[in-house]
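Here's the structure we're looking at; comments come further down.
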Amino acid sequence: ERKCILTGDWQNDLGSNMTISAVNGAGQFSGLYLTAVSATEKPILVSPLNGSQHVDNLEHPTFGFTVKWSFSDSTTVFVGQCFTDDHGKETLQTMWLLRVKAKSMDDNWKATTVGTNVFTRIK
Ligand SMILES: O=C(CCCC[C@@H]1SC[C@@H]2NC(=O)N[C@@H]21)Nc1ccc([N+](=O)[O-])cc1
C-alpha cells in the first residue's frame with residue numbers, strides 16, 4: 001500500500017497551510033508554516049519548520065516537527081501519523097504543544113497549551 005511521504009502542501013482544520021520540502025533518506029525534512037490563527041496581536045508571518053518521519057518500509061509512518069514562530073517568541077511541536085484510506089487519500093492526525101514565553105517562572109505553569117489538528121493534502 002502507498003507509503004505516505006510528507007513532501008508537499010497540506011492544510012489543517014483551522015485553515016493553516018504548510019509546505020514540506022523533500023524528505024531525505026534519513027526521513028528528515030524542513031518546510032514553511034502559515035498559521036491561520038494566533039493568540040498574539042502581532043501580524044502572522046510564514047514560519048520555518050523542521051522535522052522527521054519514519055521512512056523504513058512501514059505504511060502509515062509516524063512523524064514530528066517543530067515550528068519556530070517568526071512573529072512571536074513561541075514554539076509549537078507537532079507529533080502524529082499519516083493515514084492513507086482505500087482511495088489513497090492521506091490525512092495527518094496530529095497533536096501539538098504550543099509553548100509561549102512566560103514572563104517569569106511564576107507564569108511557567110500556564111505557558112504550554114495542547115491541541116489536535118488534522119491535515120489533508122492541498123491538490
Ligand atoms: O500564537 C502564537 C503562534 C501561532 C500558534 C498557532 C497554533 S500552533 C497549533 C495550532 N495549529 C495551527 O495551525 N495554529 C495553531 N504564539 C503566541 C500565542 C500566545 C502568546 N501569548 O503571549 O499569549 C504569545 C505567542
Side-chain angles (χ1 to χ4, degrees):
E1 194 179 284
R2 246 175 69 74
K3 185 168 60 186
C4 174
I5 300 293
L6 295 180
T7 302
D9 299 326
W10 300 87
Q11 185 168 77
N12 73 17
D13 50 289
L14 292 171
S16 301
N17 292 330
M18 76 174 167
T19 297
I20 292 182
S21 66
V23 176
N24 71 18
Q28 297 163 310
F29 57 81
S30 59
L32 296 171
Y33 200 102
L34 180 59
T35 180
V37 296
S38 85
T40 171
E41 299 304 311
K42 296 176 181 168
I44 291 170
L45 301 171
V46 172
S47 302
L49 70 88
N50 286 283
S52 56
Q53 68 164 103
H54 282 273
V55 292
D56 33 15
N57 59 355
L58 294 179
E59 291 105 35
H60 304 161
T62 61
F63 59 87
F65 60 90
T66 301
V67 184
K68 176 177 177 285
W69 303 107
S70 47
F71 56 96
S72 79
D73 187 342
S74 52
T75 304
T76 298
V77 293
F78 288 84
V79 64
Q81 186 171 353
C82 180
F83 292 101
T84 309
D85 71 13
D86 296 345
H87 305 282
K89 183 172 163 39
E90 296 160 311
T91 58
L92 307 181
Q93 299 288 336
T94 74
M95 292 191 73
W96 50 261
L97 295 171
L98 165 60
R99 174 66 196 214
V100 304
K101 188 174 188 175
K103 288 185 174 37
S104 71
M105 187 58 198
D106 294 346
D107 293 341
N108 184 59
W109 66 273
K110 63 180 177 182
T112 307
T113 49
V114 62
T116 63
N117 278 138
V118 181
F119 292 80
T120 52
R121 276 197 192 276
I122 306 170
K123 286 298 167 207

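In each ligand, atom 1 is the first atom listed, and ligand 1 is the first ligand listed. Everything numeric here is computed off the predicted structure, so don't read it as measured data. Along the sequence shown, residues are numbered consecutively beginning with 1. Any value given below was found using the heavy atoms of this structure, including those in side chains, with hydrogens, waters and symmetry copies removed.
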At what distance is the nearest protein heavy atom to atom 14 (N) of ligand 1, and which residue and atom is it?
-> Thr35 OG1, 3.0 Å
Closest heavy-atom contact between Gln53 and Leu6?
-> OE1-N, 2.9 Å
side-chain hydrogen bond (donor to acceptor under 3.5 Å, both in side chains) against Asp107, all qualifying residues, sequence neighbours excluded | none
Minimum heavy-atom distance between Phe71 and Leu45, given as atom pair plus value = CD2-N, 3.3 Å
Considering only heavy atoms of Ser38, which atoms of ligand 1 have at least one such atom less than 4.0 Å away?
-> 1 (O)
Using 30° and 60° as the class limits, which term best fits the ring planes of His60 and Phe83: parallel, tilted or perpendicular?
-> tilted
Shared ILVMFWY cluster between Val55 and Leu49, side chains joined below 4.5 angstrom?
-> yes
For atom 15 (C) of ligand 1, what is the nearest protein heavy atom, given as residue, atom name and distance?
-> Val37 CG2, 3.9 Å
Within the structure, does Tyr33 bring an N/O atom to less than 3.5 angstrom of an N/O atom in ligand 1?
-> yes
Of the listed options (Thr94, Val100, Val67, Thr76), which comes nearest to atom 18 (C) of ligand 1 when hydrogens are ignored and any heavy atom counts?
-> Val100
State whether the side chain of Ser70 and the backbone N or O of Val46 hold a donor-acceptor pair below 3.5 Å, judged by distance alone.
-> yes
Contacts of Thr112 that satisfy side-chain contact (heavy atoms from CB on, under 4.5 Å) - sequence neighbours left out = Leu97, Arg99
Nearest protein heavy atom with distance in Å, relative to atom 1 (O) of ligand 1 | Ala39 N, 2.9 Å
Taking non-hydrogen atoms only, is Ser74 closer than 4.0 angstrom to ligand 1 via side chain, backbone, both or neither?
-> side chain
What about Trp96: any of its N or O atoms under 3.5 Å from an N or O on ligand 1?
-> no
Is there at least one protein heavy-atom neighbour under 4.0 Å from atom 11 (N) of ligand 1?
-> yes
For atom 25 (C) of ligand 1, the protein heavy atom that lies nearest, with its residue and separation = Ser72 OG, 3.3 Å
Where's the contact between Asn12 and ligand 1, heavy-atom distance under 4.0 Å: side chain, backbone, both or neither?
-> side chain
For Thr94 and Asn117, indicate whether the former's side chain and the latter's backbone hold a donor-acceptor pair under 3.5 Å.
-> yes
For ligand 1, which atoms, with element, lie under 4.0 Å from some heavy atom of Ser16?
-> 12 (C), 13 (O), 14 (N)
